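All of these numbers come straight from a predicted model, not from anything done at the bench. Counting begins at 1 with the first residue of the sequence.
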Amino acid sequence: MHPGIHNFSEIGKLNKVLLHRPGRELEKLTPGNFERLLFDDIPYLEVAQKEHDYFAKVLRDNGVEVCYYQTETAKALADAKIRENFVKEFVELSPIHSAARREEITEYLLSKDPESLVESCIAGIFTEEIRHLSKRSLIDVVEHDEDDANFASDPMPNLYFTRDRGACVGNGIYIHQLSTPSRRREALLLKYMTKYNRDFALEDTPMWYDVYGKYSIEGGDVLVLSKDMVAVGYSQRTTLAGIESFAENLLKNSEFKKVLVFDIPKCRAFMHLDTVFTMVDYDKFTIHPEIEGPLGVYEITLGDNGELKFNAMKDELHKILALELGLPAVDLIRCGGGDLIAAQREQWNDGSNTLCIAPGTVVTYERNYVTNDLLDKKGINVLSIPSAELSRGRGGPRCMSCPVNRDDL
């Protein structure tokens, strides 16, 4: 067991990680709702689970303790009063317009044991499951004839991307205001896990950001580059105001000294910073070549007066990284090598989204064979996993993992 949150790098030996094994929520995706629920296709659940189990096995075989979202959240809800508060917040964060429907869902969830309660929140609740509670109103009848009317509560198909809704930074955690309304309830599970599950986080664990923060910020945009420095992507999903709020909390209440802001193109293909840029060794990074030209880098530090200071960094990225990390040079390993078509294809399937589990050892999708071969030639130990179905959700091994505890470098 590795108690508490401890994460001061991207590449230190990974001791403990939080995953979510895909479940019934994926089978709630339809052609009518998958775009709204941020999917481009419908994964085949049985194969997705086998692929995810293989991913977890690779981690365990390399000495990583694997814990799961559903189990860890259920532990946090063992107390009846905590369970009541959780359900209240869950319903408040859900796009449910009818007071009668809110009462039905509350009653339905509180009738369950903690594990079943969490599973129902994740999988979604069909209207038919609560119809016997018969507190329907006119709005329920009208909505029944609209798209997705069979859901009283939407599923959470994105939950297997455990990085998005929060990340462990230093000895604390930040839990996000996710950018899309359909996903904001996901962060609530992590909040309760942190506050009430001592197997996951120690008491009084610092929280650098909260699910009720005003501005969106997502975990795929945050990289812990060193014990002194965190990088944050200004992306399609993370706002400048969210970055500034996070930076202020972190720099004023921890030993971190600097936040680097990476301004990347705002599009679905480059959804988060870690879809185009990850750290794989002390002096090596993967990068998608199409972001190098338009990339802007800025630094946030704390002034002597306790106020944030902002500065634009004008040098080339490899020089900025070498300087900030105190290295003679860094190697930017380009997704797809020099082949633009391979780079675009493999980046779409998260060729740059590597999970580093020890310096120079990474987990990748096996389908990104051009980039994997290049990593191997650069001396990186590549542990590849199957991803025919997992990749349909547009996220790779780093997206699917929330590191909780790493060794210091």
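- Under the 3.5 Å distance criterion, the side-chain polar atoms of Arg163 are matched with a main-chain donor or acceptor of Ser401.
- A donor atom on one side chain and an acceptor atom on the other are found under 3.5 Å apart for Asn15 and Asp407.
- To the nearest 0.5 Å, the span separating CG on Asp228 from CG on Leu225 amounts to 11.0 Å.
- The closest donor-acceptor contact from the side chain of Gln49 to the backbone of Pro22 lies under 3.5 Å.
- Inter-residue side-chain proximity for Leu159 and Arg165 is flagged as met; some heavy-atom pair is nearer than 4.5 Å.
- The closest side-chain heavy-atom distance from Ile173 to Asn7 is not below 4.5 Å.
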* **Steps toward side chain to side chain donor-acceptor pair (under 3.5 Å) verdict (Glu346, Thr371)** => CA-CA 8 Å; Glu346 295 202 352; Thr371 304; 2.6 Å; yes
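- Shown here is Tyr369, whose OH atom has no more than 12 heavy atoms of other residues, nucleotides or ligands within 6.0 Å.
- Between Gly12 and Ser9, the shortest heavy-atom distance links the atoms N-OG, 2.7 Å.
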Which donor-acceptor pairs under 3.5 Å do side chains of residues 254-262 form with protein atoms, sequence neighbours excluded?
| unit_1 | atom_1 | unit_2 | atom_2 | d |
| --- | --- | --- | --- | --- |
| Ser254 | OG | Leu250 | O | 2.6 |
| Ser254 | OG | Phe256 | N | 3.2 |
| Lys258 | NZ | Glu299 | OE1 | 3.0 |
| Lys258 | NZ | Glu324 | OE1 | 2.8 |
| Lys258 | NZ | Glu324 | OE2 | 3.3 |

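- When every heavy atom of Cys67 is checked against every heavy atom of Lys16, the shortest pair comes out as SG-CE, 3.8 Å.
- Across all their heavy atoms, Val330 and Leu321 have their closest contact at CG2-CB, 4.1 Å.
- Across Trp208 and Asn249, no two heavy atoms sit closer than the pair O-ND2, 2.8 Å.
- For the pair Ile380/Thr361, no side-chain contact is recorded, criterion being any heavy-atom separation below 4.5 Å from C-beta on.
- At least one side-chain heavy atom of Leu190 sits under 4.5 Å from a side-chain heavy atom of Leu18.
- Counting non-hydrogen atoms of other residues, nucleotides and ligands closer than 6.0 Å to CG of Asp304 gives a total of 12 or fewer.
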* Candidate pair Tyr196 and Glu203, rule side chain to side chain donor-acceptor pair (under 3.5 Å), full reasoning -> CA-CA 8 Å; Tyr196 302 111; Glu203 196 169 1; over 6 Å; no
* To do: Could you go through the side chain to side chain contact (heavy atoms under 4.5 Å, CB included) check for Glu104 and Glu107 one step at a time?
  => CA-CA 5 Å; Glu104 289 172 345; Glu107 183 178 341; 5.9 Å; no
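- The pair Asp373-Lys377 counts as a salt bridge, with a side-chain nitrogen and a carboxylate oxygen less than 4.0 angstrom apart.
- A side-chain donor-acceptor contact under 3.5 Å links Tyr365 to the backbone of Gly395.
- With Thr73 contributing its side chain and Tyr69 its backbone, the two residues share a donor-acceptor pair below 3.5 Å.
- Geometric assessment of Arg334 against the ring of Phe285 yields a negative cation-pi assignment under the 6.0 Å and 45° thresholds.
- With hydrogens and angles left out, the side-chain atoms of Ser153 and Arg185 include a donor and acceptor closer than 3.5 Å.
- Using modelled atom types, no side-chain atom of Thr354 and backbone atom of Thr364 make a donor-acceptor pair closer than 3.5 Å.
- Judged purely by atom type and a 3.5 angstrom limit, Asp113 uses its side chain to pair as donor or acceptor with the backbone of Ser116.
- The side-chain hydrogen bond (donor to acceptor under 3.5 Å, both in side chains) with Glu119 is formed by just one residue from the set Gln70, Lys112, Arg24; it is Arg24.
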* Intermediate values then yes/no, side chain to side chain donor-acceptor pair (under 3.5 Å), His20 and Glu72 -> CA-CA 10 Å; His20 173 66; Glu72 299 306 313; over 6 Å; no
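- Residue Asn158 comes nearest to Leu37 through the heavy atom pair ND2-O, 2.9 Å, listed as atom of the first residue, atom of the second, then distance.
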* Asked: For Ile217 and Thr239, what are the C-alpha separation, side-chain angles and deciding distance, and is it a side chain to side chain contact (heavy atoms under 4.5 Å, CB included)?
  -> CA-CA 6 Å; Ile217 179 170; Thr239 63; over 6 Å; no
* For Ser235 and Asp221, what are the C-alpha separation, side-chain angles and deciding distance, and is it a side chain to side chain donor-acceptor pair (under 3.5 Å)? -> CA-CA 7 Å; Ser235 71; Asp221 282 314; 2.6 Å; yes
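- Val232 has its side chain within reach of Phe246: a pair of non-hydrogen atoms, C-beta onward, lies under 4.5 Å apart.
- Each of Asp274, Thr278, Asn368 was checked for a side-chain hydrogen bond (donor to acceptor under 3.5 Å, both in side chains) with Asn353, and the lone residue meeting it is Asp274.
- With a 4.5 Å cut-off on side-chain heavy atoms, Tyr298 and Asp263 count as touching.
- Looking only at atom types and distance, the side chain of Ser391 has a donor-acceptor partner in the side chain of Arg367 under 3.5 Å away.
- The number of heavy atoms from other shown groups lying within 6.0 Å of NZ (Lys309) does not exceed 12.
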* Dump the intermediate steps for salt bridge (charged side-chain N to carboxylate O under 4.0 Å, His left out) on Asp408 and Lys227, then the final yes or no. => CA-CA 8 Å; Asp408 292 334; Lys227 63 181 178 60; over 6 Å; no
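- With salt bridges taken as basic N to acidic carboxylate O contacts below 4.0 Å, none links Glu84 and Lys88.
- Listed for the Asp41 side chain is no donor-acceptor partner under 3.5 Å among the backbone atoms of Arg392.
- Evaluation of the ring pair (Phe, Tyr, Trp, His ring centres under 6.0 Å) test over residues 76-96, restricted to residues two or more places apart or in two chains, returns Phe86-Tyr192.
- The closest donor-acceptor contact from the side chain of His6 to the backbone of Gly172 lies at 3.5 Å or more, if one exists at all.
- The residues Glu25 and Lys28 are annotated as not salt-bridged, no charged nitrogen and carboxylate oxygen being separated by less than 4.0 angstrom.
- The line from CG of Asn381 to SG of Cys356 is 10.0 Å long, rounded to the nearest 0.5 Å.
- For Tyr54, the OH atom is loosely surrounded, since the number of other residues' heavy atoms within 6.0 Å does not exceed 12.
- Without hydrogens or angle criteria, Arg394 side chain to Trp348 main chain gives a donor-acceptor distance under 3.5 Å.
- The side-chain heavy atoms of Leu383 and Ile385, taken from C-beta on, include no pair separated by under 4.5 Å.
- A donor-acceptor contact shorter than 3.5 Å links the side chain of Arg198 to the backbone of Lys195.
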* Asked: Is there a side chain to side chain contact (heavy atoms under 4.5 Å, CB included) between Tyr212 and Lys191 once you walk through the steps?
  -> CA-CA 11 Å; Tyr212 296 109; Lys191 174 184 175 179; 3.5 Å; yes
* Kindly indicate, with the supporting measurements, whether the criterion side chain to side chain contact (heavy atoms under 4.5 Å, CB included) is fulfilled by Val118 and Leu77. => CA-CA 9 Å; Val118 176; Leu77 303 184; 3.8 Å; yes
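- Counting heavy atoms from C-beta outward, Leu19 and Leu59 have side chains that approach closer than 4.5 Å.
- The CZ atom of Phe161 lies 10.5 Å from the CD atom of Glu186; values are rounded to the nearest 0.5 Å.
- When all heavy atoms of Tyr160 and Pro157 are compared, the pair lying nearest together is CD2-O, 3.5 Å.
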